[in-house]
Number of protein chains: 2
Amino acid sequence: MLQASADIDTCEALTERQKAVLDAALRLLVEEGDNLTMTAVARRASCSKETLYKWFGDRDGLLTATVQWQASKVRVAPVDGKGLGLASLTASLERFASDWLNVISSDTSIALNRVAVSHAGSGKDNLGAVVLENGRFALARRLKPVLEAGRQAGLLDFSDAETAFRSFFGLVARDVQIRLLLGDRLELTEATIGGDAARATQQFLALFGAKTGPQGL
Amino acid sequence: MLQASADIDTCEALTERQKAVLDAALRLLVEEGDNLTMTAVARRASCSKETLYKWFGDRDGLLTATVQWQASKVRVAPVDGKGLGLASLTASLERFASDWLNVISSDTSIALNRVAVSHAGSGKDNLGAVVLENGRFALARRLKPVLEAGRQAGLLDFSDAETAFRSFFGLVARDVQIRLLLGDRLELTEATIGGDAARATQQFLALFGAKTGPQGL
DNA sequence: GCCGAACCGTAACGTACGGTACGCTATCTG
DNA sequence: CAGATAGCGTACCGTACGTTACGGTTCGGC
């Protein structure tokens with residue numbers, strides 16, 4: 001049986017068939033939410049329940065494996081911050097904001113966050129930790145080098161990268177994620193996401209941009 | 001049987017005994033999350049299951065009634081924005097921010113949001129609508145008059161109150177709510193909440209404060 | 001004091017679903 | 001080709017829980 005750990009590298013030990021099963025489970029999770037049954041997963045994946053139990057131990061094991069499997073797929077290449085000008089910094093920030101909005105508004109992200117939130121209350125909050133680790137904390141890890149590079153280049157001014165990141169996070173996400181999780185119909189087209197990303201970036205630069213003399217009006 | 005509507009005034013038709021039952025259900029919901037049983041509610045409330053079903057129809061009815069009951073209790077008196085100076089505006093904003101952080105970090109809020117998120121996926125998303133209506137949208141309704149008054153007084157500068165509110169919301173909440181919902185241990189003492197409220201307010205004023213000439217550094 | 005309504009406590013029912021056992025087929029290994 | 005192993009399909013078991021039914025008790029009205 002696979003060990004359910006918070007480590008992402010667990011997914012490297014998966015055979016192709018197992019990945020296919022997890023993909024089926026993921027699709028079912030997106031469609032039906034947390035109330036999916038083992039029989040439904042088995043039927044969708046064209047495998048037997050016994051195999052599910054042999055591979056993943058029990059229902060929670062299957063769920064965590066599915067979440068980890070999806071989480072391992074959204075790894076994004078970090079950007080390098082060399083030769084950083086104001087234009088490239090804003091471009092990087094806008095890109096991060098846009099990527100993040102696209103992620104949290106995707107069906108799979110909503111489904112995964114829903115099931116993780118549901119399970120966070122009862123005992124083993126493994127799911128929540130995994131989602132958080134590959135979502136918000138992964139974003140922080142990828143964005144902080146950019147912020148630090150911006151500070152090194154004299155473009156940004158902050159004392160703590162963590163608080164700067166959290167402000168950026170708040171300006172980008174605002175109430176989007178909680179509204180989507182609570183089932184609010186909130187249309188995010190490609191265009192509005194771009195606009196929101198640009199707005200958040202400008203606001204962030206207005207707050208944390210290094211002051212190069214008195215600001216004009 | 002009580003009708004389960006999104007209207008808050010449904011709670012006015014509740015007898016004292018029913019309110020006591022819903023309070024018991026609420027406490028149990030905070031303790032055990034969504035996986036509470038009807039027998040547990042009946043035992044805790046010292047009432048019979050038959051009464052629960054007669055009053056609330058079924059399990060979902062009980063849950064929605066509980067959520068509406070709690071939602072109806074957090075009504076807060078709106079502040080009036082007359083004789084508004086910069087000091088009183090910042091005080092109001094800080095107070096809103098502090099109140100909001102206190103709300104979303106409370107056990108009952110976390111529990112209610114958890115159960116609402118869990119139920120948002122499957123069909124009738126009544127719970128999510130109720131939580132959203134009495135949480136984020138109620139806050140907006142109470143805060144927007146303050147923002148408008150600030151604009152009337154020449155202290156704030158924005159084109160749309162909704163977007164201004166959403167930025168304020170993001171600066172205040174940042175990643176707090178999603179982290180709490182996902183089970184992240186995130187200590188919010190009274191002191192840190194006050195500091196966060198002040199920081200968010202200053203950031204908001206830096207973004208939306210009316211520019212009265214060139215800013216000093 | 002009697003009647004009906006409301007309600008408590010609990011026993012019972014039905015079912016859905018997690019988990020297991022078993023028979024069968026296909027593929028690999030010697 | 002014989003045996004072993006992996007895995008599919010399915011039937012089955014146990015249990016938890018939503019839902020209902022029923023006997024006993026309190027209480028307001030006549």
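Each chain gets a letter, A, B and so on, in the order its sequence line appears, and its residues count up from 1.
When heavy atoms are screened at a 4.0 angstrom cut-off, B:L52 is found touching no nucleic acid atom at all. A:L36 comes within 4.0 angstrom of the backbone, heavy atoms only, and of no base. Residue contacts shown for B:T39 are absent, as no nucleic acid heavy atom lies under 4.0 Å away.
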Atom pairs, protein N/O to nucleotides 22-25 of chain C N/O, distance under 3.5 Å:
residue : atom : partner : partner atom : Å
C:dC22  : N4   : A:E50   : OE1          : 2.4

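Where DNA chain D meets chain B (any atom under 4.0 Å from a heavy atom), the bounding nucleotides read 5' to 3' are D:dC17 to D:dC22.
For the pair A:E94 and A:R199, the salt-bridge criterion is not met [side-chain N within less than 4.0 Å of a carboxylate O]. Between A:R141 and A:E162 there is no salt bridge, since none of the side-chain N atoms of the basic residue sits less than 4.0 Å from a carboxylate O of the acidic one. B:D175 and A:R166 are joined by a salt bridge, as a carboxylate oxygen and a charged side-chain nitrogen come within less than 4.0 angstrom of each other.
In this structure, a donor-acceptor pair under 3.5 Å is absent between the side chains of B:D60 and B:T64. No side-chain N or O of A:N126 forms a donor-acceptor pair with one of A:H119 less than 3.5 Å apart. Judged purely by distance below 3.5 Å, without hydrogens or angles, the side chains of A:N102 and A:S106 never pair a donor atom with an acceptor atom.
Checking the phosphate oxygens (OP1, OP2) of C:dC8, a side-chain nitrogen or oxygen of B:T51 falls inside 4.0 Å.
In this structure, the separation between NZ on A:K19 and OG on A:S72 is 8.0 Å, given to the nearest 0.5 Å. One finds the OG1 atom of A:T51 at 9.5 Å from the CZ atom of A:F56 (value rounded to the nearest 0.5 Å).
Distance B:M38 CE to C:dA11 P: 19 Å, rounded to the nearest Å.
Mapped onto DNA chain C by nearest heavy atom, B:K49 and B:A45 fall at different nucleotides, with B:A45 at the one closer to the 5' end.
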